Amino acid sequence: MKLARFSAPTAAAVLLGLTTVVGPGAVDASAVSGTPLPIAHFAHMVVDAPHGHLFISGGAGTDGILVTDLDGANPTTIDGEPGATGLALSGDGSTLYAALPGQDAIAAISAEDLTESARYGTGAGTGPDSLAVAGGTLWFGYGTAGAGGIGSVAGDGTVTLRRDSGSWSAAPTLATTPAPSGVLAAAAQTGTTSAFVTYRAEGGTLTRRAARELPVPDLGDFAVTADGQHLAVSSWADASADRYRTSDLAVDGRFAVPVAARAVAVAPDGTLAGCGCNGYAFETFPETGGGFYDEYEYGSSLRLPAHGLAWSPDGSRLYAVGVDASGGTPTLHVARDPETARVRLGGGPATTPLAPGEAYSFRVGFDSPLPLDAGQSMMPGTVRITRHDDADPDGVLITDATATRATAADFFGSYHVTGTAPLSGPLGFGVDYSGSGHYGPAGRTFDVPVAKYAPTMTVTAPATAGRAAPMTITGKLTWPHAHVTTGAVHVVRTDLAHPSGYSAGTVPVSADGGFTFHDTPGTGGANTYAFGYDGGTSYLPVKTSATVQVSRTTPGLSVTTDAKTYRSGATVKVTAHLGTTYDSRSVTLYGMPAGGTRVRLRSGEVDAHGNLVASYKVSRNTVFSAAFTGDGRYAPRTVTVGVTLTPTVRTATRHPLSTTRVGSTTYQVFYKSETDMGYDVQVTPRQSGGCLTVYVEHYWSGAWHPTTSQRCVPLYGDGEYGYGRALKLFTSNDHYRVRGHYTPPAEGAWTGGAWTGWTYLTVRPGSPS
């Protein structure tokens, strides 16, 4: 099957996780080492493998032809060949022909001793440039802009011009098959297109076969395929993969990749070199099908010039020249085994990380820029997969790998291996591919991490449970993939009776990682269950916990005082009474004075009657509480009781002049000449926010009647309040009485309210005598 041209990453690479380059190199473009050439410019290149020579011309401005060995080393120069451009070897390989456009001549040079044996003049102003040997005759393109033609040099040295009956707008470029044949092609750019003509060269004659304008706006190079049936035309501006038949120059199928470079060359076996990539690299590829063998980058700012590619006759090497942007600093690059597609191996275990003893699924597949041919279901060649571990450090061959045929997602097929990880030590795989046909060998080792890791553990427990009632907690261990069933879960319970915890048993783990724990808690309160998975032979331990609130009985608890109200400084007797409990009889008594800080009065076990007594001297309103912390069967409880402090309220009348008695009651005597009656009240202890109400009553008709009052007036800062009333408002010689009521603040009161006693008074007219 023919598949699409390789592009990284292919679907196979995505499927198999191909990330590491192995074998001869990466499938992606790679740099080839370069050798600077001792010439200023580049024009043409010919490979003379039988004599071990590489001939390179430099064009105008040079004085000779550069010669190196087949590695580009040991350079020498054939002097006296000024401005040499086009080069060609004779059919028998004994003679190198060099076009000397500046000399209007063609030089014949011995390929054996590198000396010029003849020079053929082509006529003044002809400027021969491009050479090709076809049908046993040397052909050359000549001319200048506006006029050109094709000439020949016969075996006896006779030069003949205008061998083509047509006309050319410039000196045509010539090309023929890589091995001697009678096929010749010529082309010249004519503006936005290029004129192409194909010929049959035989017996010293040249016969036109086809002529056509092709859509090539930047003609740089073209080549005739090895069988002479098609043309490969390079273009950078309008790259195309079209093949043109030499018989009629019609499009006849497509090459494996577009010929997008400035140069193209054909090997004797039909393999092409050019580029479907960019100007800084070149590729080798089969004539048809899809994909390519390899791609090479210059590794610098060099680019491929016209005629800059040449094959060795056996196809084992490809020679490429790179030049800089100005066409200078020529550098020679040699690509070895250019007809062998590089292969990369990728894959690995389908589950990572692996724990000791876990099952693994190992997959390895191929990737290459060259697709399989029709009918191929696997990449040709043999694959050896070895497993390496402590038991077999040198590797043991895996003989039961399963082969998977190529698919649209897995272009080249793959191999699948299953097994289990060792209980200790490393695990690795070695994969060796032999290579076959146009596919090169490859090898890779895969180190599979094997180490204990912790699974995740969750538990589900009820929030509450009844004491002495059955209860169930379920749990789940989760691994990222298939796992070994190993290890157990250990349970530690912590409760009020066992604050340091104790073992509540061990539960097994099922194949799916689930486990179930049953318990009947005998101790109330918070019961915390710690679950610890020991990891067994393959995993790290992991822990989690759950807390269940177990019910407890509410105990009987009360707190009382020996009175409800007290004067400041009085001692309160506080008694806590605790009813039935399980194993704790301890109670704590607290006192909380208004606006103050809680104080602990006493802690301890109650007496045989369940009582605990404490004393406290009060100076403010106080709340007393009794607290039981709870035990394994009875819940904590706190109860409170409050007592009120009765404030001290002192009263006095201002400046009575005398007293008198009416019955048993003493009256303060005032005279209207004194102007005002004053009544003072003082409240102890002082607190902000309280107020005083003063009531005045008048006795008449045998009873006391309210006569006036002053409602809830704030006290002064010293806790005192003064009330005054004009004496003229009182009826002479009648009887009156006055008293006050203290109201504490609505919030944060330190005391309760209090009444003063009655103060009795009478007002007499005039002044005392």
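Sequence positions, counted from 1, serve as the residue numbers for this chain. Predicted model only: the values in this text are computed from it and were never measured.
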To the nearest 0.5 Å, what is the distance between [atom1] on [X] and [atom2] on [Y]?
X      : Y      : atom1 : atom2 : answer
Met471 : Thr520 : CE    : OG1   : 8.0 Å
Arg661 : Thr666 : CZ    : OG1   : 4.0 Å
Thr653 : Tyr723 : OG1   : OH    : 13.5 Å
Trp755 : Tyr695 : CH2   : OH    : 4.0 Å
Leu578 : Ser584 : CG    : OG    : 8.0 Å
Glu358 : Leu427 : CD    : CG    : 12.0 Å

### Task
Answer yes or no: does atom CH2 of Trp700 have more than 12 heavy-atom neighbours from other residues, nucleotides or ligands under 6.0 Å?
no
### Message
If you count heavy atoms of other groups shown closer than 6.0 angstrom to NE2 of His655, is the number above 12?
### Response
no
### Task
Let me see the working for Thr456 and Val542 under side-chain contact (heavy atoms from CB on, under 4.5 Å), right down to the final yes or no.
CA-CA 7 Å; Thr456 58; Val542 62; over 6 Å; no
Donor-acceptor contact present, side-chain [X] to main-chain [Y], <3.5 Å:
X      : Y      : result
Thr707 : Val696 : no
His741 : Cys712 : no
Asn621 : Ala594 : no
Asn527 : Gly525 : yes
Arg467 : Gly524 : no
Thr581 : Arg585 : no
Arg444 : Leu345 : yes
Thr762 : Asp734 : yes
Thr575 : Val613 : no

For the student: nearest non-hydrogen atoms of [X] and [Y], plus distance:
X      : Y      : value
Leu540 : Tyr533 : O-CD2, 4.3 Å
Val587 : Ala576 : CG1-CB, 4.0 Å
Gly466 : Val550 : C-CG1, 4.0 Å
Ser558 : Ala626 : O-CB, 4.4 Å
Ala497 : Thr523 : CB-OG1, 3.7 Å
Leu496 : Pro499 : O-CD, 3.8 Å

For the residue pair [X] and [Y], establish whether any side-chain heavy-atom pair is separated by less than 4.5 Å.
X      : Y      : result
Thr516 : Thr474 : yes
Ser673 : Leu727 : no
Phe670 : Phe730 : no
Lys617 : Tyr566 : no
Tyr360 : Phe429 : yes
Pro455 : Thr478 : no
Val484 : Tyr539 : yes
Tyr590 : Phe624 : no

Will you find, in the side chains of [X] and [Y], an N or O donor that is under 3.5 Å from an N or O acceptor?
X      : Y      : answer
Gln687 : Thr751 : yes
Thr528 : Thr547 : yes
Gln710 : Tyr679 : no

### Task
Scan for salt bridge (charged side-chain N to carboxylate O under 4.0 Å, His left out) pairs involving residues 532-552, sequence neighbours excluded, and state none if there are none.
none
### Pairs touching residues 706-732 that satisfy salt bridge (charged side-chain N to carboxylate O under 4.0 Å, His left out), sequence neighbours left out
none
### Query
Run the salt bridge (charged side-chain N to carboxylate O under 4.0 Å, His left out) check on Asp512 and Lys476 step by step: do they pass?
CA-CA 8 Å; Asp512 66 356; Lys476 182 77 171 181; 3.7 Å; yes
### Task
Report the relative orientation of the aromatic rings in Tyr667 and His735; use parallel for angles under 30°, tilted for 30 to 60°, perpendicular for over 60°.
tilted
### Query
In terms of ring plane angle, is the pair Phe362 and Phe446 parallel, tilted or perpendicular, where the classes change at 30° and 60°?
perpendicular
### Message
Walk me through whether Ile385 and Val417 qualify under side-chain contact (heavy atoms from CB on, under 4.5 Å).
### Response
CA-CA 9 Å; Ile385 304 176; Val417 176; 4.1 Å; yes
What residues form a side-chain hydrogen bond (donor to acceptor under 3.5 Å, both in side chains) with [X], not counting sequence neighbours?
X      : answer
Asp680 : Arg654
Asp390 : none
Arg567 : none

### Message
Can you list everything that forms a salt bridge (Lys or Arg N to Asp or Glu O under 4.0 Å) with Arg637? Sequence neighbours excluded, please.
### Response
none
### Carboxylate-amine/guanidinium contact Asp410 Arg363, below 4.0 Å
yes
### Query
Given Leu715 and Leu692, is the side-chain contact (heavy atoms from CB on, under 4.5 Å) satisfied, shown in steps?
CA-CA 7 Å; Leu715 300 177; Leu692 190 74; 3.9 Å; yes
### Query
Could you walk me through whether Tyr736 and Gln668 pass the side-chain hydrogen bond (donor to acceptor under 3.5 Å, both in side chains) check?
CA-CA 10 Å; Tyr736 294 86; Gln668 306 290 325; over 6 Å; no
#### Entry: Val643 and Lys564: CA distance, side-chain angles, deciding distance, side-chain contact (heavy atoms from CB on, under 4.5 Å) verdict
CA-CA 5 Å; Val643 299; Lys564 293 297 183 182; 5.5 Å; no
#### Entry: Criterion side-chain hydrogen bond (donor to acceptor under 3.5 Å, both in side chains) on Ser361 and His416, from CA distance to verdict
CA-CA 7 Å; Ser361 175; His416 187 260; 2.6 Å; yes
